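Read the structure below first, then the notes.
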Amino acid sequence: MCGIVGAVAQRNITPILLEGLRRLEYRGYDSAGIAVLDRGRVGLRRAVGKVAQLEAKLAVDPLNGQLGIAHTRWATHGGVTEANAHPHVSGDRVAVIHNGIIENYEPLKAELQAKGYVFKSETDTEVIAHLVHDNLKQGVGLAEAVREAVRRFTGAYAIVVFDAQAPDRFVVARIASPLVIGLGFGENFVASDVSALLPVTQRFIYMEEGDIAEITREAVYIFGADGHKRERKVHDIAQRPEAAEKGQYRHFMLKEIFEQPEALVATLGGRIANHHVLPESLGPRAAELLGRARNIHIVACGTSYHAGLVAKYWIEELARLPCSVELASEYRYRTVNVPADTLFVTLSQSGETADTLAALRYARHAGYVALLTICNSAQSSMVRESDLVMLTHAGPEIGVASTKAFTTQLLAVLIVAAMLGRYNGLSKEQEAEVVRQLYSAAGTVEKALEMDPAIQKLAELFVEKHHTLFLGRGPMFPVALEGALKLKEISYIHAEGYAAGELKHGPLALIDEDMPVVVVAPNNDLLDKLKSNIQVVRARGGQLFVMADVATGLTDEPGTTVIPMPHADTYIAPIVYTVPLQLLAYHVAVLKGTDVDQPRNLAKSVTVE
Ligand code: G6P
């Protein structure tokens, strides 16, 4: 949610800020803005739309300076207008960018209005600018003015502020929303995540909860909320800047779909030896803590929640432990009963999703055996705040619709299910079979990717449709949910995923010759049941598209198109069958001409509620 970048240097920082915004655009992209201290004055340019719109403005009316901040917005308070775009400025002196929500902005606004401040936007952010300005008028330094301001805020925020009268520095502060400081030589930076700054530095300090930092060209001073100095570790990041670039692909999403085999191999690395999964790879105390678990609570959002739903099938089967899966936005606000010896698990691509992070913090005091996070971002808040961590090594995922992050999460939860199984009666032979299948996942996904031309052709039949149903049974039910989510988020076609057996309890009423029904049909022990469900749809004239293992014996018939799938073993079938559904959503979106990587109204990392 909202991308933030700031720089103080001895060179013109406008191009650095713009490149940072381009790299952060996946976080929000309804408007963008930049404020640069240009010849002693706050130069401000803002534009509704994408960063390209802002660039066009700057081409006509450039800014040049050595201190500046920039922002790409995902609107929360106030519509998508230029006046609501960040940065917000107070008294031609203080410029602010903000990610998050200041929940108590209304009383603060009233107080500042009473002091004569005139608000030009409908945002919560503008109170930050005026409050810091008001504090500066008392004669304190910028860091103190920001500390005094944030003391009064409730909510979640990452903010960056500069003062035209202190031209050598900016001040940053964070609660809940991520911020990272990039260290250069004679220049320093800040951003919402490292990808924004990779072209200028590989050295980073991750700000922690409540940290406030004063950043000049030569130095970074970090303070806790109490005003005392803090030491924070410097991390050297090996990530190549091009990992976050499209390369030969037309869209990030397609690149990321095709990166899945290598992402799966990377995620498997170090987790298995001699046909056994290695619980120790989750941390030094993992064996003891996993061994104690008698129940599992999984909490996540969006696509990660779907991975959690698949995990339930595997954990209950392989480890015979009761497992519940819940949306983080629900879990965090209800009374949760935690049975003795329950393991809490979060799944998150970013490790920063506000609801999931809040759930993790709630769980910290709810009496769990341990908190395990399965995450694709090694330095994220969730990783830092968990007892056990399993990293998925998918590499940066830029497309808003999650693809390789999801399939690597599936691989990770299958590994965790087998680990839990080790302490709960899973035989050595069964474990070795899961391991064999884990090893076969990348190769089978590679075969599924060869279906791309066929799926591209299939996509033509969906472009004019307004609705689509996705059906699956068992662990393929969450795969159907994920297929529907992919289609709706990038092609804007209304889609729903259903457990095939549930069809008769409502959605069957929707079936007619205009309704495509996509079925995922691996050759498993639910096949006969699924075949009956397919018959029921066919009898009502529905248009069926069945992704089926050749061994199922399903063939084309009037009203039914069978799309042959490579053979996938039972456990890895959810990973493999996800691939054609991703490709289908992708090609339908391309044919419809939507913005595939940045679909309307969505954002990649949802760091607000
Ligand atoms: C957003 C993204 C989804 C993602 C969800 C949860 O909605 O657009 O792709 O699944 O957040 O994010 P997380 O980072 O916690 O997996």
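These numbers come from a predicted model, not from an experiment. All ligand and atom numbering here is 1-based and tracks the order in the structure. Every heavy atom of this structure was used, including side-chain atoms; hydrogens, water molecules and symmetry mates were not.
Considering only non-hydrogen protein atoms, atom 12 (O) of ligand 1 sits nearest to Thr353 OG1, 3.2 Å. Here the protein heavy atom with the shortest distance to atom 2 (C) of ligand 1 is Lys604 O, 3.4 Å. Protein heavy atom at the shortest distance from atom 14 (O) of ligand 1 is Ser350 OG, 2.6 Å. Of the protein's non-hydrogen atoms, the one nearest atom 6 (C) of ligand 1 is Cys301 O, 3.4 Å. Protein heavy atom closest to atom 7 (O) of ligand 1, with residue, atom name and distance, is Val606 CG2, 3.8 Å. Closest protein heavy atom to atom 8 (O) of ligand 1: Ala603 O, 3.0 Å. For atom 10 (O) of ligand 1, the closest non-hydrogen atom of the protein is Thr303 N, 3.0 Å.
Side-chain atoms of Gln437 and Thr570 include no donor-acceptor pair closer than 3.5 Å. Looking only at atom types and distance, the side chain of Thr392 has a donor-acceptor partner in the side chain of Asn376 under 3.5 Å away. Of the N and O atoms on the side chains of Glu482 and Thr303, at least one donor lies less than 3.5 Å from an acceptor on the other residue.
At least one N or O atom of Gln349, backbone or side chain, sits closer than 3.5 Å to an N or O atom of ligand 1. Between Gln409 and ligand 1, no pair of N/O atoms sits closer than 3.5 Å. Checked against a 3.5 angstrom limit, the closest N/O atoms of Ser304 and ligand 1 fall inside it. Checked against a 3.5 angstrom limit, the closest N/O atoms of Met382 and ligand 1 fall outside it.
The aromatic rings of Tyr331 and Phe344 lie tilted to each other, with the angle between the two planes from 30° to 60°. In this pair, Tyr105 and His77 present their aromatic rings perpendicular. The plane angle is above 60°, beyond the 30 to 60° band. Aromatic ring orientation, His235 versus Tyr206: perpendicular (interplanar angle above 60°, classes split at 30° and 60°).
For ligand 1 and Val400, the ligand atoms under 4.0 Å from any heavy atom of the residue are 8 (O), 9 (O). Each of the following atoms of ligand 1 lies closer than 4.0 Å to a heavy atom of Ser402: 9 (O). Against a heavy-atom cut-off of under 4.0 Å, Ser348 is close to the following atoms of ligand 1: 13 (P), 14 (O), 15 (O), 16 (O).
Aromatic ring centroids of Tyr313 and Phe477 lie 6.0 Å or more apart.
By the 4.0 Å N-to-carboxylate-O rule, Glu385 lies close enough to Arg361 to be salt-bridged with it. In summary, Glu208 and Arg232 engage in a salt bridge, as defined by a charged side-chain N under 4.0 Å from a carboxylate O. Ionic pairing of Asp355 and Arg332 is present here: one or more N-O contacts between side-chain nitrogen and carboxylate oxygen are shorter than 4.0 angstrom.
Using a non-hydrogen distance threshold of 4.0 Å, Leu602 does not register as a contact of ligand 1.
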